[in-house]
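Atoms considered below: every heavy atom in the structure, side chains included; atoms not considered: hydrogens, waters and symmetry mates. None of these values were measured; they are calculated from a predicted model.
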Amino acid sequence: MRLTRNWTRAVAAVTLSAAVALSTTALAQTKLRWSEGQPNRGVQANNLQWMADEIGKRTNGEVTADIHWGGALLDSRSGLKGVGNRAADIAAIISAYTPKELAAYSVGDVPIANADVWVGMRAIYELSLTHPALQKMFDELNLVYLTNLSTSAIQILCKDKFITTLDDIKGTKIRAAGSYGDVLKDLGADVVRMSQGKVYTALDSGVVECNQNYLYAIEVFKQNEVAKKLTELNWGQHLSYGIVMNKDAFNEISKENQEIIRQITSDFIDRFAQQLTEANVKALERMTSGDDPVEVAAMDPADKEKLEQMGYDKVPGWIERMNSEGLPAQDIYDSYMALIAKYEKIRDEQGYPWNRK
């Protein structure tokens with residue numbers, strides 16, 4: 001009888017220990033719900049998946065991330081609010097969709113002639129992590145800034161005309177976005193605002209004549225099938241486009257794993273910049289070859305210079321609007337430009353990270 005009782009106690013102890021161990025393991029494991037509005041294809045999707053996979057690998061499975069593609073969890077316009085209230089743990093934010101809430105971050109969309117993907121991404125990344133105004137903005141939104149994306153350099157694809165002079169812009173129906181679209185509108189374009197997913201049909205039907213887009217994205221959305229005149233502007237890039245995490249979810253993760261995630265999201269900048277740059281080169285090669293190639297032209301250099309200056313002329317207006325929001329706009333802009341200069345110097349002296357020995 002005593003043996004049976006002791007054996008029962010031993011089994012109970014083992015069972016309790018196993019339950020505690022399982023409970024501890026369960027508490028230590030965190031699965032993050034990651035919402036992505038774009039489909040699971042192309043260089044951006046591949047790199048986001050890499051980042052999610054690396055989180056699992058480098059934390060030894062203590063933190064994992066499950067990406068819900070194509071707006072299945074939240075659409076692209078809902079990322080800011082959805083992550084803030086933890087409908088998702090991670091998502092992309094786009095300042096053009098929520099300009100008031102992300103006012104300080106919108107400096108990345110000021111239409112300046114910064115078309116280098118790595119330089120631009122590194123500059124806005126460092127600014128977002130270090131400038132007090134941006135830190136305060138993210139904190140008040142219950143967000144932790146993780147990393148940045150880029151559209152890469154802006155180009156103009158048209159159905160049957162080139163945009164080689166500023167006069168070519170006048171009266172042209174151009175699908176455009178953000179402050180770059182505002183410059184085109186100032187030049188007399190009939191600017192249409194719509195998502196890239198709708199542009200194929202719009203170009204094909206003549207609803208728009210031209211589209212502001214980026215080389216790899218033209219191919220992803222197959223717009224080169226219905227529009228054959230590409231003007232390489234290499235004008236600038238949209239950088240108010242980042243990845244954020246819910247602050248409460250981030251704080252629930254151990255300090256060690258927080259640092260691991262910080263390292264991964266920094267590594268992402270270099271990896272994505274390299275692959276996006278290469279993807280643009282390869283996309284152009286494919287689109288300009290074959291039986292039905294896209295034709296390529298460049299804008300007249302003098303007119304390109306005027307176009308870029310018109311972009312810089314938008315800066316005082318941005319500063320005035322941001323000042324009205326109570327932001328130190330001039331300091332944000334000056335800090336951003338200083339970081340662009342910093343990374344241009346690093347690039348010129350050391351080369352890109354992926355080319356260094």
Side-chain angles (χ1 to χ4, degrees), residues 27-38 44 47-68 73-74 76-109 121-150 239-272 327 332 335-336 339:
L27 288 172
Q29 291 176 335
T30 301
K31 187 172 184 178
L32 302 173
R33 294 183 304 156
W34 186 328
S35 177
E36 172 54 40
Q38 300 299 315
Q44 180 170 305
N47 279 273
L48 292 179
Q49 187 61 60
W50 172 86
M51 187 159 48
D53 292 342
E54 285 297 299
I55 289 172
K57 290 177 185 177
R58 298 194 203 179
T59 64
N60 295 316
E62 291 180 13
V63 183
T64 59
D66 182 20
I67 302 180
H68 300 257
L73 189 57
L74 298 169
S76 295
R77 293 181 177 273
S78 303
L80 179 72
K81 184 178 179 180
V83 174
N85 63 25
R86 209 167 179 179
D89 297 304
I90 301 175
I93 53 168
I94 300 172
S95 70
Y97 293 161
T98 49
K100 184 173 180 62
E101 294 87 342
L102 294 173
Y105 186 52
S106 69
V107 68
D109 280 353
M121 288 179 69
R122 272 290 164 201
I124 194 71
Y125 173 79
E126 184 170 337
L127 183 79
S128 298
L129 287 175
T130 60
H131 197 283
L134 276 79
Q135 290 176 315
K136 180 174 183 287
M137 177 197 72
F138 287 120
D139 189 62
E140 290 178 348
L141 291 167
N142 201 36
L143 303 175
V144 171
Y145 171 87
L146 294 181
T147 195
N148 224 83
L149 297 163
S150 170
L239 286 159
S240 299
Y241 184 14
I243 302 293
V244 295
M245 184 171 174
N246 177 273
K247 183 170 65 175
D248 299 321
F250 188 79
N251 289 336
E252 289 169 5
I253 296 171
S254 70
K255 294 295 183 183
E256 180 183 2
N257 285 333
Q258 287 178 7
E259 289 303 312
I260 289 171
I261 290 173
R262 288 293 191 196
Q263 185 59 56
I264 292 166
T265 52
S266 176
D267 294 345
F268 171 86
I269 296 286
D270 296 342
R271 189 179 194 275
F272 182 54
L327 293 168
I332 293 172
S335 298
Y336 179 48
L339 287 168

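- Relative ring orientation between Tyr145 and Phe138 is described as tilted, the plane-to-plane angle lying within the 30° to 60° band.
- The salt bridge (charged side-chain N to carboxylate O under 4.0 Å, His left out) analysis of residues 96-106, with sequence neighbours excluded, yields the pairs Lys100-Glu325.
- When the side-chain hydrogen bond (donor to acceptor under 3.5 Å, both in side chains) test is applied to Arg33, no partner is found at least two apart in sequence or on another chain.
- Taking the ring centre of Tyr125 as origin, the terminal cationic atom of Arg122 falls inside the region bounded by 6.0 Å and 45° from the ring axis.
- Considering every non-hydrogen atom in both Leu134 and Ile332, the closest pair reads CD1-CG2, 4.2 Å.
- Side-chain atoms of Val244 and Phe250, non-hydrogen and from C-beta on, never get closer than 4.5 Å to each other.
- Residue Lys81 qualifies as open at atom NZ: its count of foreign heavy atoms under 6.0 Å is 12 or below.
- Looking at heavy atoms from C-beta onward, Leu102 lies in side-chain contact with Leu141 at the 4.5 angstrom threshold.
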task = Assess whether side-chain contact (heavy atoms from CB on, under 4.5 Å) is satisfied between Ile90 and Val83, documenting all intermediate values.
result = CA-CA 6 Å; Ile90 301 175; Val83 174; 5.7 Å; no

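- Nearest approach of Asp89 to Lys31, heavy atoms of both residues: OD2-O, 4.0 Å.
- The two atoms that bring Gly79 and Ala91 nearest to each other are CA-CB, 4.1 Å, heavy atoms only.
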Residues Ile243, Leu48; criterion side-chain contact (heavy atoms from CB on, under 4.5 Å); working and verdict = CA-CA 10 Å; Ile243 302 293; Leu48 292 179; 4.1 Å; yes

